[in-house]
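In this text the structure is predicted, and so the values were computed from the model without any measurement. Residue numbers begin at 1 in each chain, while the letters A, B, ... track the order of the sequences.
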Amino acid sequence: MSFINYSSREINCKIVYYGPGLCGKTTNLQYIYNKTNPETKGKLISLSTETDRTLFFDFLPLSLGEIRGFKTRFHLYTVPGQVFYDASRKLILKGVDGVVFVADSQVERMEANIESMENLRVNLAEQGYDLNKVPFCIQYNKRDLPNAVSVEELRKVLNPRNVPDFQAVAPTGVGVFDTLKAVAKLVLTELRKGGQG
Amino acid sequence: MASQLVMYEEEFHKINAVCDRLTKDANAKVVFLVDKNGQLISAAGQTQHIDTTSLASLTAGNVAAMGGLAKLIGENEFPNQFHEGAKDSLYMTIVGSRVVLVVIFDNRTSLGLVRLRIKKASDELSKIFEALSRRAEAPGAGSPFAEISDADIDNLFSE
Ligand SMILES: Nc1nc2c(ncn2[C@@H]2O[C@H](COP(=O)(O)OP(=O)(O)O)[C@@H](O)[C@H]2O)c(=O)[nH]1
Ligand SMILES: [Mg+2]
């Protein structure tokens, strides 16, 4: 649910990075944070446990520039991946404008990817969203690992609708901005359609 | 999909005025108005040293978590929350089930006074937000982005 302010001429949109535990969601945000100018970003907030696992969410506000005189801001959130944090995941999806699904390419994480994708569909539906209609991209992360499944295989299992998808190695930034740009574009295109709901 | 929040000049000025007045009447340090999805709507008082964007996001996360807790015990939500610090304290009130009014104050005022003033401000804000949603539902209240082109969108990403 974007927030358009005609008075201050700002538009704010919310993007959520979803995916199984340890697939690289937080790493995506950290890379974006490290590579953007101080004037275009706010603080990266991580609500994590002592072992560095995301407890509630990570949050990164980003300013992208102006469209037709409106400042566009994107608020990036990640969800905690572990199965038992389902209640928190639902909360973070409230008011979402766009979703990135980060898949872990490792063969032993295929089950977890499938489960998380299904969980995303169910949790979105609970908030009244249809995954097939929400601006949505997929990132196949950890392409650098030797046990990575082929992209064809990942596509077949996770991307039957053929939404925009990207290969990534999040710690070195491969594919990170491509993914962000793609989802941001989809969100803005959706706004153009009227975004009245 | 949940309808988006659209803010117009007239209501925006009214909202800012309510927050300003609340800051003074309650003798508070800062007053924030945050939408439940984590977007900052208005801020008044000594905001210079506060990261307002982070505050908005964490307020929304907190309210969402407390709302989840409320449902678990059979309540609809907890409309008011009070957090007491060593120097500064924080009071949050849900307004019209859509936005959250946050007041930060210290010992130059009292919880009683803050509560009293919040009540009044929150009634005023409810009315303004009702007017806003009527406006957003009115025919012709389309997106300001209806006219944007692919090139406009591409330009955002060109560097
Ligand atoms: N080799 C490799 N490791 C990665 C990649 N992306 C993330 N990691 C590592 O995977 C672990 C979990 O990442 P994190 O971002 O915390 O996962 P999250 O649970 O999805 O937030 C960390 O140790 C990362 O350094 C990648 O593309 N390749
Ligand atoms: Mg994480």
Side-chain angles (χ1 to χ4, degrees), chain A residues 1-14 41-45 47 56-57 59-61 63-70 72-73 75 77 87-88 90-92 94-97 127-130 133-134 177 180-182 184-197, chain B residues 1-16 34-42 51-58 60-69 71-72 98-99 135-137 139 141-159:
Chain A
M1 194 195 72
S2 52
F3 171 31
I4 301 177
N5 190 331
Y6 282 94
S7 188
S8 55
R9 303 195 76 75
E10 284 174 11
I11 171 135
N12 290 288
C13 305
K14 176 170 177 177
K41 70 187 173 196
K43 263 209 198 85
L44 173 62
I45 290 200
L47 301 184
F56 194 1
F57 58 76
F59 169 68
L60 176 62
S63 301
L64 278 188
E66 291 200 356
I67 285 197
R68 303 263 164 134
F70 277 80
T72 54
R73 293 223 180 86
H75 289 179
Y77 285 82
S88 332
K90 286 181 193 170
L91 300 177
I92 295 154
K94 278 191 181 161
V96 68
D97 292 300
Q127 308 286 342
Y129 298 99
D130 179 349
K133 295 189 180 142
V134 173
F177 276 98
L180 173 63
K181 284 176 187 180
K185 246 177 151 163
L186 291 176
V187 167
L188 291 170
T189 308
E190 186 66 29
L191 276 176
R192 174 166 61 183
K193 288 187 201 158
Q196 283 286 54
Chain B
M1 250 188 249
S3 69
Q4 62 187 202
L5 181 59
V6 181
M7 182 63 65
Y8 299 93
E9 193 91 31
E10 181 190 347
E11 282 83 3
F12 191 55
H13 288 308
K14 283 188 186 159
I15 288 168
N16 289 337
V34 173
D35 122 288
K36 268 194 174 176
N37 297 319
Q39 325 269 19
L40 180 71
I41 298 172
S42 178
D51 174 357
T52 52
T53 310
S54 299
L55 182 132
S57 163
L58 290 171
N62 172 290
V63 166
M66 289 310 287
L69 259 176
K71 294 207 170 57
L72 282 182
R98 166 138 220 194
V99 295
R135 236 204 230 235
E137 281 157 17
S143 161
F145 292 94
E147 309 281 291
I148 60 171
S149 62
D150 288 343
D152 285 332
I153 296 178
D154 283 333
N155 281 340
L156 262 193
F157 299 105
S158 60
E159 358 44 296

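- Side-chain contact between A/I4 and B/L5 is absent, with no heavy atoms from C-beta onward closer than 4.5 Å.
- Here the closest non-hydrogen pair linking B/G38 and A/Y77 is CA-OH, 4.3 Å.
- Residues A/H75 and B/S57 form no side-chain contact, since every pair of their non-hydrogen atoms from C-beta on lies 4.5 Å or further apart.
- With a threshold of 4.5 angstrom between heavy atoms, A/F177 does not approach chain B through any atom at all.
- At a 4.5 Å heavy-atom cutoff, the contact between B/D51 and chain A is made by side-chain atoms alone.
- The parts of A/I67 that come within reach of chain B are both its backbone and its side chain, each placing non-hydrogen atoms under 4.5 angstrom from that chain.
- For A/E10, no part lies near chain B; criterion is any non-hydrogen pair under 4.5 Å.
- Annotation: the span from A/R68 atom CZ to B/N155 atom CG amounts to 10.5 Å, rounded to 0.5 Å.
- Only the backbone of B/L40 comes within less than 4.5 Å of a heavy atom of chain A; no side-chain atom from C-beta onward does.
- Side-chain contact check for A/F3 versus B/M7: some heavy-atom pair is nearer than 4.5 Å.
- Residue-environment remark: NZ (A/K43) stays at or below the threshold of 12 foreign heavy atoms within 6.0 Å.
- Ranked by non-hydrogen atom pairs under 4.5 Å with chain B, the options A/L91, A/L180, A/N5 are led by A/N5.
- Going from atom NZ of A/K14 over to atom CG of B/N37 covers 5.5 Å, rounded to the nearest 0.5 Å.
- With a 4.5 angstrom heavy-atom cutoff, A/I92 does not touch chain B via any of its atoms.
- With chain A as partner, the option from B/E10, B/E9, B/Q39 having the largest number of non-hydrogen pairs under 4.5 angstrom is B/Q39.
- Residue contact with chain B, scored on non-hydrogen atoms closer than 4.5 Å, involves the side chain of A/T72 exclusively.
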Inset, instruction - Decide side chain to side chain contact (heavy atoms under 4.5 Å, CB included) for B/L58 and A/L47; before the verdict, give the C-alpha distance in whole Å, the side-chain angles of both, and the deciding distance to 0.1 Å. - result: CA-CA 10 Å; B/L58 290 171; A/L47 301 184; 3.8 Å; yes

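- Your options are A/G65, A/S8, A/S7, and the one with the most heavy-atom pairs under 4.5 Å with chain B is A/S7.
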Inset, instruction - Mind running side chain to side chain contact (heavy atoms under 4.5 Å, CB included) on A/F59 and B/T53 for me, showing each step along the way? - result: CA-CA 10 Å; A/F59 169 68; B/T53 310; 4.0 Å; yes

